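Below you'll find the structure, written out as structure tokens, and then a few comments.
Owing to the predicted nature of the structure, the values given are computational and were not obtained by experimental measurement. Numbering of ligands and ligand atoms starts at 1, following listing order.
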Amino acid sequence: MFKQQPILGIVVPCYNEEEVLELTVVELDAVLGGLEKEGLVSPESFILFVNDGSRDRTWPLIADLKERYRRVSGLNLAGNVGHQNALLGGLMTAKRHADCLVSIDADLQDDVRVIRDMVLRYREGCDIVYGVRSSRQRDTWFKRTTAEGFYKVMQGLGLRIVNNHADYRLMSRRALDELARFSEVNIFLRGMVPLLGFETGVVYYERLERAAGESKYPLKKMISFALEGITSLSVKPIRMVTAAGFAVFAVSIVMGIYGIVSNLMGRAVSGWSSLIVSLWFIGGVQLLSIGLIGEYIGKIYREVKRRPLYIVERELPPAVRSAEAREHEDPAEREGAPAAPAHALS
Ligand code: UDP
Ligand code: MG
């Protein structure tokens with residue numbers, strides 16, 4: 001199932017990256033060349049640059065690189081759709097021609113040398129290999145703190161997200177095929193990929209500085225990215241509203257008793273008891289109702305995403321099969337090779 005010489009595709013989303021592309025292509029081409037020489041990947045391996053509606057000369061540059069490097073290919077999106085969507089577009093396009101894909105940013109911040117380790121893990125049978133930063137020394141204090149806070153919050157919300165892993169990862173063709181079945185449109189890949197299951201591996205690397213150009217993720221984009229991640233993967237914030245509703249409601253009962261008792265004992269200013277009791281009571285009822293409506297909205301949200309309910313890793317069919325089924329069988333399988341799902345072979 002896992003080819004020993006897979007066709008490896010490297011998918012690189014690019015937004016206004018004219019300054020860095022020349023450097024990037026040299027590095028990635030060298031990596032592929034090296035892997036090819038070692039016999040670790042097929043000579044048909046390639047690099048796909050996805051132009052995410054850049055406003056600079058990124059696309060003409062990609063077209064030019066394609067002429068100069070035999071491994072380079074390009075995909076031009078009609079407009080800027082953002083990193084995650086551009087990356088998904090690239091992955092879905094490239095998976096048609098590859099056995100496994102590595103996604104990496106254009107800026108060479110992720111150490112390209114660990115692509116080799118990713119391929120080795122793939123050959124050992126990993127469908128997904130995460131590139132994880134072993135330290136963030138090179139990041140600015142601000143980026144480091146916000147990013148660490150973000151991962152903490154995500155994990156606190158019970159999301160299966162890999163710490164310090166950005167979108168630098170290898171995925172096998174069948175993992176990508178399963179990812180394609182997630183038909184949601186709010187895409188947060190690093191939260192979705194762990195939902196696939198499958199055998200996964202991790203490789204570590206030092207995060208470097210951007211080779212050229214500047215970050216395409218200013219604070220505003222970072223905040224919306226974080227919010228997107230949380231709201232597209234978790235309904236926990238809704239639960240918190242419901243919980244707050246219950247808490248306020250409980251307090252309203254206590255306050256109600258207190259108000260009535262104070263009144264009976266003649267300790268309350270006239271009008272205070274009725275005011276305080278209704279204040280808490282209405283507050284509690286309102287929060288509870290909002291939470292309840294939220295629960296339904298959460299359900300609708302999960303419903304419209306139409307995510308696959310299960311993903312098959314492998315099927316072991318019975319030895320005795322009908323003659324008809326045997327006729328359609330793959331000859332390799334009949335010789336005792338492990339059965340693989342049809343899509344992993346095609
Ligand atoms: N990118 C993209 N579309 C966008 C913004 C960014 O395709 O709208 C790409 C960008 O070219 C780069 C990657 O996403 O390859 C990550 O961006 P960047 O390195 O600027 O983010 P940072 O590393 O600062 O978080
Ligand atoms: Mg970067």
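- Aromatic ring orientation, F281 versus F249: tilted (interplanar angle from 30° to 60°).
- In D52, the part holding a heavy atom less than 4.0 Å from any atom of ligand 1 is the side chain.
- Residue, atom and distance of the protein heavy atom nearest to atom 20 (O) of ligand 1 are K216 N, 2.4 Å.
- For the pairing with Y69, the side chain to side chain contact (heavy atoms under 4.5 Å, CB included) check across V26, D64, I47 returns one residue only, V26.
- Under 4.0 angstrom from ligand 1, the non-hydrogen atoms of S215 come from both its backbone and its side chain.
- Without hydrogens or angle criteria, Y130 side chain to R190 main chain gives no donor-acceptor distance under 3.5 Å.
- Of the protein's heavy atoms, D105 OD2, 3.3 Å lies nearest to atom 16 (C) of ligand 1.
- Just one residue in the list E19, E22, E17 forms a side chain to side chain contact (heavy atoms under 4.5 Å, CB included) with L61, and that residue is E22.
- No option in L28, L170, L32 other than L28 meets the side chain to side chain contact (heavy atoms under 4.5 Å, CB included) test with I115.
- Two residues are said to be in side-chain contact when any heavy atoms from C-beta on lie closer than 4.5 Å; W280 and I253 fail this criterion.
- Listed by atom number, the atoms of ligand 1 under 4.0 Å from R207 heavy atoms are 23 (O).
- The single protein non-hydrogen atom nearest to atom 1 (N) of ligand 1 is Y15 CB, 3.7 Å, given as residue, atom name and distance.
- Electrostatic pairing of E36 and R70 counts as a salt bridge here, judged by a charged N lying under 4.0 Å from a carboxylate O.
- For ligand 1, the polar-atom distance check finds an N/O of A106 within less than 3.5 Å of one of the ligand's N/O atoms.
- Annotation: atom 18 (P) of ligand 1 to nearest protein heavy atom, R210 NH2, 3.5 Å.
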For V41 and Q5: C-alpha separation, side-chain torsions, deciding distance, then whether side chain to side chain contact (heavy atoms under 4.5 Å, CB included) applies. CA-CA 4 Å; V41 301; Q5 259 195 17; over 6 Å; no

Between D52 and V81, does the side chain to side chain contact (heavy atoms under 4.5 Å, CB included) criterion hold? Intermediate values first, please. CA-CA 6 Å; D52 181 18; V81 292; 3.4 Å; yes

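- In this structure, atom 25 (O) of ligand 1 lies nearest to the protein heavy atom K143 NZ, 2.9 Å.
- If you look at H83 next to ligand 1, the close heavy atoms, those under 4.0 Å, come from the backbone and the side chain alike.
- A side-chain donor-acceptor contact under 3.5 Å links Y205 and D110.
- With a 4.0 Å cut-off on non-hydrogen atoms, N80 touches ligand 1 through its side chain and not its backbone.
- Proximity to K221 (heavy-atom distance under 4.0 Å) selects the following atoms of ligand 1: 4 (C), 5 (C), 8 (O).
- Scanning the protein for heavy atoms near atom 21 (O) of ligand 1, the closest one is Y217 CD1, 3.2 Å.
- Contacts with ligand 1 closer than 4.0 Å are made by no heavy atom of Q84, backbone or side chain.
- Looking only at N/O/S atoms, D107 comes nearest to the Mg ion (ligand 2) through OD2.
- Residue M222 places every heavy atom at 4.0 Å or more from ligand 1.
- Note: L176 CG to M92 CE = 5.5 Å, rounded to the nearest 0.5 Å.
- For atom 9 (C) of ligand 1, the closest heavy atom belonging to the protein is P13 O, 3.8 Å.
- Considering each of D107, I104, L108, the one bringing a non-hydrogen atom nearest atom 19 (O) of ligand 1 is D107.
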Please walk me through it: do L189 and I187 pass side chain to side chain contact (heavy atoms under 4.5 Å, CB included)? CA-CA 6 Å; L189 288 171; I187 302 287; 3.8 Å; yes

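- Among the atoms of Q109, an N, O or S atom falls under 2.8 Å from the Mg ion (ligand 2).
- Scanning the protein for heavy atoms near atom 10 (C) of ligand 1, the closest one is E17 OE2, 3.2 Å.
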